[in-house]
Student: 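Below is the structure I would like to discuss, written out as structure tokens.
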Protein chains: 2
Amino acid sequence: MKANNESKLRIIPLGGLEQIGMNITAFEYEDSIVVVDCGIAFPDDDMLGIDLVIPDITYLRDNIDKVKGFVITHGHEDHIGALPYVLKEVNVPVYATKLTVGLIENKLKEHNLLRTTKRKTIKHGQSINLGRFRIEFIKTNHSIQDASALAIYSPAGTIIHTGDFKVDYTPVFGDAIDLQRFAEIGKKGVLALMCDSTNAERKGFTMSERTVGKTFDNIFSDHTNSRLIIATFASNVDRVQQIINSAYKFGRKVVVEGRSMVNVITTAAELGYLNIPDKTLIDIDQMKNYPDEQMVLVTTGSQGESMAALSRMAANIHKKVSIKPGDTIVFSSNPIPGNEKAVSKVINELSAKGADVIFQDVHVSGHACQEEIKLIYSLVKPKYAIPVHGEYRHLKAQSKLALELGIPKENIFILRSGEVLELNQEGAQQNGKVQTGAIMVDGLGVGDVGNIVLRDRQHLSEDGIIIVVLTLERRGNQLLSGPDIVSRGFVYVRESEDLMGEARVVVEDALDECLSHKVSDWGKIKNVIKDSLGGFVWKRTQRRPMILPIIMEA
Amino acid sequence: MKANNESKLRIIPLGGLEQIGMNITAFEYEDSIVVVDCGIAFPDDDMLGIDLVIPDITYLRDNIDKVKGFVITHGHEDHIGALPYVLKEVNVPVYATKLTVGLIENKLKEHNLLRTTKRKTIKHGQSINLGRFRIEFIKTNHSIQDASALAIYSPAGTIIHTGDFKVDYTPVFGDAIDLQRFAEIGKKGVLALMCDSTNAERKGFTMSERTVGKTFDNIFSDHTNSRLIIATFASNVDRVQQIINSAYKFGRKVVVEGRSMVNVITTAAELGYLNIPDKTLIDIDQMKNYPDEQMVLVTTGSQGESMAALSRMAANIHKKVSIKPGDTIVFSSNPIPGNEKAVSKVINELSAKGADVIFQDVHVSGHACQEEIKLIYSLVKPKYAIPVHGEYRHLKAQSKLALELGIPKENIFILRSGEVLELNQEGAQQNGKVQTGAIMVDGLGVGDVGNIVLRDRQHLSEDGIIIVVLTLERRGNQLLSGPDIVSRGFVYVRESEDLMGEARVVVEDALDECLSHKVSDWGKIKNVIKDSLGGFVWKRTQRRPMILPIIMEA
């Protein structure tokens, strides 16, 4: 690959900055675009009723002829979840390691895209050529197996993108992160490092996944008389492996419960990422054949998600498992920020049923802490630092580390989604913006819920709605029927008959005033009704329900 | 006080169990009831639009002749906030220490109850006689000054209620907790201990408030060139005192910002709980006369509350303060569970404006950890343990500690709100229940929003509403106008004209069917419209908006 001295590499994050989620970054050099990851975000608290959020890929659609493929670092939802939506518009090949491809295929199947989507499995150490780029997959460790960092070779220079990673010297499955390769590429010269910022505020090192296995052994040995139920992340196959290992050691059978976990575990087992000793795994319906002290259930719901298996058990609405006094329940997870109250609710429900709940120190993170981030910087020695995968506070924390490690301030770029960074050996600068955004998915609708709809939902959720219906004569201005007043989500009507009666009088008076002044603009009449009724309701209740006048003509 | 051997002391928690908040407990002996605390709870996430929650005090109203007074342990909202609402129905005297009375009076003023409410200031060590009870106020430490534990002497025996407390050997203001008095009363024999459970899951000791002062000194000395903005809880007067101390030491002026903090600080200063060196405190409008490095702002908003001062500064909508690069902002607080995301949002906004944000290790809790709880049990040596002030998990954690300390299992009572515990020297048992509950306050409305209204708000918030309006002839069954279809919070209509057009056809067909079959029951017609339109919308969008048919007659 020969560099055109005029040409620059353009790095265009289409998501994943400002938040943990919706990771997708385009790398553009002349006529070639390669896209790294294609994830969803989970809706913010103010996105009422929204199921999930996908990135706006207008930029890719507008440059569809350049797009050579998606390169996926690992199989978490915030890195693969938007693929089925995006591939419908930008149908290019997908490249990833084996387990990642397996998990992507599960999604393609659901969306009927298996036949039309090209995908290719890449091994760690392998490279692929995509237009003007060569991409090398480098082994890393993370809370899901088969995670990769990427070396992105372009004529303008080499970029290292870590993906989500930690340094685990003693992983449960497979090899440790390929630090030698990071060093080797670094030695040859790296233009920029794009490094995971999730834990950049945390000092020290993230512990090895294997330490959780020892904790499990202790828990199994301390609770030989009770049924064990262990909740963890559906995609953490190594965690499940370690539970299976402890179960085997202590003579327990394992049941896996929760749709998403069963899916991942099935795929991982089929592809050889999980070693299950014979007769250890049993079906949930066989549970009744074994005494409690010979059982361990591995389940979803570690984040307090209301529809997940553990939450249903806690709320007594799980079809096959009810919590009994004497059960020991382990949260092998920490609450993701925002889920604390939901998790606490489930812990309370489980405790109140007499279960013993263990929720401290049975988890390690999948992301690098400060010392690991420093290690990667020191091996790669990039000219430019571009912290990725985090909220602003996390990107900022990493940029402080980069500064400490000697990267000059002007060589550190905290980008926002859509901001284009142009760089080559001569320099780097932010240059322009492309369209980005969060497209909301609600049921089958993709993008049909926008800010106006959300604002209405917010308004409705706080104070409800009052609907005023009346029929006016087609031409003249005579009231033919109504006004009828109906409310929902405002007050409990039986307790507020007076209020609603008075409200009707207020509307009638306002209407009389309009009609006697021969106001014929129905928009005006509606506004008068809104103002007078709104004023009355505020004075009486200090609430501001949505007021919706509907005038029919007859 | 002579015990009637037949009589029992009845302990009736009317709130405060199952949650941290809404603390109120009735103690009843024969013809006397004394109520400890009268707090609000903040609304749960599913209480959409609700401002605050107060306890159902039906039991007190039904026994109003017995109620001798409210005894208040300290001035936090979850212990005094419901007083103005409850006193309107149960107007009895209120007893508390000086600062607590001062804060209660602020509330009474707002609600125009100052003239009609009797209140009496009690000193630590003093007792009051209320009917068959004698109540002694015992000095404790907490994150607000003048906190008290209560010794409740009844003919059936002595109860110690700790209130909210920690053991601070080196408090910022006033004395350490009166451990000698706990021991002395314990030595004489205590029937039951009702002890704060908030931190019962946490090992060790809570650090002294004074340690935060040292941290402030370090922060002030490390940031001599930048403006300091420190957010903390409005009611933590000792925290503000320590900021003032550091400011004085380092030659800075102090501005207090945020309505609730100004209120508390003003009251505390008036009553002598705050020592402000001359000319240290300045008005926010004088800020412009001082360079940044001579200023420290103390502000509300440490929980990310969207309307609080710090959040408004972060969002650029504060009238008098904007965040600048170089500002150092300190969160002297930990996020209360549920507020993590809101706090993170503010941290991100502040960081993005170039401010340096410090949020780790600048706070200590106001509640006792495990070793302090054990200390109190060991001094008091109660016969019965009744953990209070916490969610079930916290009460359970304390009951484990009590068990470890030798209290027999059958002498530990985890009560739920409304459950009556009857006890005397002969024994203790749960006996019956009284009515309790959470009454929601929304604007001026107290209790007019119930579960149906909340369920409607929830439904509206998720998928919005579709309103179908039509006019039928009064007698016959002829359609005079409509059906008109209006939606809010469902889809962005301009993008969904087809869908709404088809929806209209679906309703028309359903209506034709009804009218041609001469269905005259309007309830039935409404149901047919709901079902057919609901089915159509689900099939097309997989959403379930509220469907509200309104039939008018003409």
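Each chain gets a letter, A, B and so on, in the order its sequence line appears, and its residues count up from 1. Computation of the quantities below employed the complete heavy-atom set of this structure, encompassing side-chain atoms and omitting hydrogens, waters and symmetry-equivalent molecules.
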Student: Is there a donor-acceptor pair closer than 3.5 Å between any side-chain N or O of A/Ser311 and the backbone N or O of A/Glu305?
Tutor: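 Yes: the side chain of A/Ser311 pairs with the backbone of A/Glu305.
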
Student: Which one, A/Asp463, A/Leu499, A/Leu444, leads in non-hydrogen pairs under 4.5 Å with chain B?
Tutor: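 Heavy-atom pair counts peak at A/Leu444.
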
Student: Quick check on the interface: out of A/Gly49, A/Gly445, A/Gly489, A/Pro337, who has the most heavy-atom pairs with chain B under 4.5 Å?
Tutor: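 Of the candidates given, the most pairs with chain B belong to A/Gly489.
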
Student: Taking A/Gly338, A/Gly464, A/Ala352 one by one, which has the highest count of heavy-atom pairs under 4.5 Å against chain B?
Tutor: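 Counting heavy-atom pairs under 4.5 Å, the top option is A/Ala352.
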
Student: Can you say whether B/Leu395 sits under 4.5 Å from chain A via the side chain, the backbone, both, or neither, judging by heavy atoms?
Tutor: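 For B/Leu395, there is no contact with chain A at all, as no heavy atom is under 4.5 Å.
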
Student: Quick check on B/Met546 against chain A: is it the side chain, the backbone, both or neither that has a heavy atom closer than 4.5 Å?
Tutor: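 For B/Met546, the side chain is the part near chain A, not the backbone.
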
Student: As an exercise: rank B/Pro335, B/Gly482, B/Gly443, B/Gly450 by heavy-atom pairs under 4.5 Å with chain A and give me the winner.
Tutor: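 Max contact count across the listed options: B/Gly443.
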
Student: Please rank A/Asp51, A/Val449, A/Leu460, A/Asp442 by heavy-atom pairs under 4.5 Å with chain B and give me the top one.
Tutor: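 Looking at each of A/Asp51, A/Val449, A/Leu460, A/Asp442 in turn, A/Asp442 comes out on top.
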
Student: Going through the distances and angles, do B/Arg544 and B/Glu462 end up as a salt bridge (charged side-chain N to carboxylate O under 4.0 Å, His left out)?
Tutor: CA-CA 8 Å; B/Arg544 298 199 186 283; B/Glu462 282 168 9; over 6 Å; no

Student: By a 4.5 Å heavy-atom criterion (distance strictly below it), what part of B/Arg543 contacts chain A: side chain, backbone, both, or neither?
Tutor: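 For B/Arg543, side-chain heavy atoms alone lie under 4.5 Å from chain A.
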
Student: Would you say the side-chain atoms of A/Thr198 and A/His389 include a donor-acceptor pair closer than 3.5 Å?
Tutor: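 Yes, because at least one side-chain N or O of A/Thr198 sits under 3.5 Å from a partner of the opposite role on A/His389.
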
Student: Give the member of B/Asn348, B/Asp456, B/Leu48 that has the highest number of heavy-atom pairs under 4.5 Å with chain A.
Tutor: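 The residue among B/Asn348, B/Asp456, B/Leu48 with the greatest pair count is B/Asn348.
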
Student: If you measure from OG on B/Ser351 to CD on A/Glu391, what distance do you get to the nearest 0.5 Å?
Tutor: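 Interatomic distance, B/Ser351 OG to A/Glu391 CD, rounded to 0.5 Å: 10.0 Å.
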
Student: Sort out for me which of A/Arg416, A/His394, A/Glu201, A/Glu349 touches chain B most, counting heavy-atom pairs under 4.5 Å.
Tutor: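 When all of A/Arg416, A/His394, A/Glu201, A/Glu349 are compared, A/Glu201 has the most.
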
Student: Side chains of A/Ser461 and B/Ser461: donor-acceptor distance under 3.5 Å anywhere?
Tutor: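 Side-chain D/A pair, A/Ser461 to B/Ser461: absent.
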
Student: Quick check on the interface: out of B/Val343, B/Leu548, B/Asp44, B/Val357, who has the most heavy-atom pairs with chain A under 4.5 Å?
Tutor: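 Most pairs with chain A among the choices: B/Leu548.
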
Student: If I measure from the heavy atoms of chain A, does B/Lys203 come under 4.5 Å with its side chain, its backbone, both, or neither?
Tutor: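 The answer is neither part of B/Lys203.
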
Student: Measuring heavy-atom distances to chain A, does B/Val469 have an atom under 4.5 Å in its side chain, in its backbone, in both, or in neither?
Tutor: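 Interface part for B/Val469: both.
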
Student: Of the backbone (N, CA, C, O) and the side chain (C-beta and beyond), which part of B/Gln360 lies under 4.5 Å from a heavy atom of chain A, both, or neither?
Tutor: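 Side chain of B/Gln360 only, per the 4.5 Å heavy-atom cut-off to chain A.
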
Student: Between B/Thr541 and chain A, which part of the residue has a heavy atom less than 4.5 Å away: side chain, backbone, both or neither?
Tutor: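 B/Thr541 touches chain A through backbone heavy atoms alone.
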
Student: Is NZ or CZ of A/Arg457 both nearer than 6.0 Å to the six-membered ring centre of B/Phe490 and within 45° of the ring axis?
Tutor: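 Checked: cation-pi criterion not met.
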
Student: Can you tell which part of B/Asp356 gets under 4.5 Å to a heavy atom of chain A, answering side chain, backbone, both or neither?
Tutor: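 Contact with chain A: side chain only.
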
Student: For B/Lys400, which atoms come within 4.5 Å of any heavy atom of chain A: side chain, backbone, both, or neither?
Tutor: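 For B/Lys400, side-chain heavy atoms alone lie under 4.5 Å from chain A.
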
Student: Between chain A and each of B/Leu480, B/Leu454, B/Ile452, count heavy-atom pairs under 4.5 Å; write down the option with the most.
Tutor: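 Of the candidates given, the most pairs with chain A belong to B/Ile452.
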
Student: Do you know which of B/Glu340, B/Glu553, B/Arg393 has the most heavy-atom pairs under 4.5 Å to chain A?
Tutor: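 Top count of heavy-atom pairs under 4.5 Å with chain A: B/Arg393.
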
Student: Between A/Asp484 and A/Arg504 (salt bridge meaning N to carboxylate O under 4.0 Å), is one present in this structure?
Tutor: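 Answer for the salt bridge query: yes.
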
Student: With chain B as the partner, which of A/Glu18, A/Gln542, A/Gln458 has the greatest number of non-hydrogen pairs under 4.5 Å?
Tutor: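 Most heavy-atom pairs under 4.5 Å with chain B: A/Gln542.
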
